[in-house]
Amino acid sequence: MLGRQAITFPINLLVGVLLARLLSPADFGTYATVSLLVMGTGVLLDVGLGAIVVQQPEEPTQALLRSVFTVQMLIFGLAATAIALIARPAAVWFHLTADGPSLLRAMALSMVIAVFGSNSHLLLERRMQFTVFARLDVVNTLVERVGALVLAYLGFGTWSFVIGALAAVCLRVVLLFA
């Protein structure tokens, strides 16, 4: 995990500096606000169901894994729906750019997509497969940050962040299944 930090930190730093040169402060502020709202919601809604899978003494059953998945999908699906419904007033309230509502909706989708990899993530954590996590994080960082950098260079503005984040979460789910 320390190696992961040694790789991802310089990537994040370098790409952050390059993105700061390519994008406007309004793009940065909009993405930071959208990301904070959506990811903050996700953190608040993580009700500890994963701990049941990770910490119980016996191997989790398929019924338990299905139940955890279903409850997480309900929670994050409802949260994504709520964000989608309040996206326009939230964008006005937080003084986001014109794309603010669409960006909020797109980022909210990432919460729902991530649920599809949650059981695989929990089982890896239960089995203390930290090397696998480190590799996943490095690949995700590269996809998200380099993708955002390329898209910013091509003129996608704030969408470069969101598309990079969505691509990374989709790839993470696929890799977790693998």
Side-chain angles (χ1 to χ4, degrees), residues 1-46 72 76-77 79-84 86-88 90-118 120-121 124-125 130-178:
M1 297 301 277
L2 184 61
R4 174 198 67 173
Q5 284 299 105
I7 295 169
T8 60
F9 180 78
I11 292 169
N12 284 324
L13 181 65
L14 175 64
V15 172
V17 169
L18 293 172
L19 286 170
R21 308 309 297 159
L22 289 171
L23 299 173
S24 72
D27 287 339
F28 262 93
T30 295
Y31 177 71
T33 303
V34 166
S35 185
L36 179 67
L37 291 172
V38 173
M39 298 309 153
T41 300
V43 168
L44 290 175
L45 293 176
D46 184 10
Q72 286 180 330
F76 290 108
T81 302
I83 289 170
I86 67 162
R88 186 157 310 285
V92 171
W93 175 267
F94 288 101
H95 305 286
L96 302 179
T97 59
D99 282 349
S102 298
L103 294 165
L104 277 165
R105 291 179 185 112
M107 283 300 290
L109 180 62
S110 70
M111 291 191 309
V112 175
I113 294 168
V115 173
F116 287 101
S118 65
S120 296
H121 176 94
L124 285 170
E125 187 175 339
F130 299 119
T131 302
V132 175
F133 281 127
R135 289 181 186 142
L136 282 171
D137 288 345
V138 168
V139 169
N140 265 5
T141 298
L142 284 170
V143 167
E144 182 175 1
R145 301 313 244 162
V146 172
L149 185 61
V150 168
L151 291 168
Y153 181 76
L154 294 174
F156 280 76
T158 306
W159 281 101
S160 58
F161 288 114
V162 175
I163 294 168
L166 286 171
V169 76
C170 288
L171 179 62
R172 185 174 186 84
V173 168
V174 169
L175 291 175
L176 281 166
F177 274 107

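Small disclaimer: the values here were computed from a predicted structure and weren't measured. One-based numbering along the sequence shown.
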Quick one: list whatever passes side chain to side chain contact (heavy atoms under 4.5 Å, CB included) with [X], sequence neighbours left out.
X	answer
Ala26	Ser24, Thr97
Leu14	Leu18
Val174	none

Can you list, pair by pair, the side-chain donor-acceptor contacts under 3.5 Å of residues 132-139, counting residues two or more places apart and other chains?
| residue | atom | partner | partner atom | Å |
| --- | --- | --- | --- | --- |
| Asp137 | OD1 | Arg172 | NH1 | 3.0 |
| Asp137 | OD2 | Arg4 | NH1 | 2.6 |

Would you please name every residue forming a ring pair (Phe, Tyr, Trp, His ring centres under 6.0 Å) with Phe28, sequence neighbours left out?
Phe161
Phe76: ring pair (Phe, Tyr, Trp, His ring centres under 6.0 Å) partners, not counting sequence neighbours:
none
Can you see which heavy atom on [X] is nearest to which on [Y], and at what distance?
X	Y	value
Ala106	Leu166	O-CD2, 3.5 Å
Ala114	Val169	CB-CG2, 3.8 Å
Ala148	Leu19	O-CD2, 3.8 Å
Gly117	Val173	N-CG2, 3.9 Å
Ala80	Val112	CB-CG2, 3.7 Å

Test side-chain contact (heavy atoms from CB on, under 4.5 Å) applied to Leu96 and Leu104, step by step:
CA-CA 10 Å; Leu96 302 179; Leu104 277 165; 4.2 Å; yes
How far does OG1 of Thr8 sit from CG of Asn140, to the nearest 0.5 angstrom?
11.0 Å
Gap separating the CD atom of Glu144 from the CG atom of Leu142, nearest 0.5 angstrom
10.5 Å
Residue pairs fulfilling ring-ring contact (aromatic ring centres under 6.0 Å, His included) with at least one residue in residues 97-116, sequence neighbours excluded:
Phe69-Phe116
All side-chain hydrogen bond (donor to acceptor under 3.5 Å, both in side chains) counterparts of Gln72, not counting sequence neighbours:
Ser118
Under the side-chain hydrogen bond (donor to acceptor under 3.5 Å, both in side chains) rule, collect the residues that match up with Thr141, sequence neighbours excluded.
none
Can you give me every donor-acceptor pair (side chain of residues 31-44, partner residue at least two apart or in another chain, under 3.5 Å) with its distance?
| residue | atom | partner | partner atom | Å |
| --- | --- | --- | --- | --- |
| Thr33 | OG1 | Gly29 | O | 2.9 |
| Thr41 | OG1 | Leu37 | O | 2.6 |

For residues 153-160, which side-chain N or O atoms pair as donor and acceptor with protein atoms under 3.5 Å away, sequence neighbours left out?
| residue | atom | partner | partner atom | Å |
| --- | --- | --- | --- | --- |
| Thr158 | OG1 | Asp27 | OD1 | 2.8 |
| Trp159 | NE1 | Asp99 | OD2 | 3.0 |
| Ser160 | OG | Gly157 | O | 2.5 |

Can you run down the side chain to side chain donor-acceptor pair (under 3.5 Å) pairs that involve residues 105-115, sequence neighbours left out, and say none if there aren't any?
none
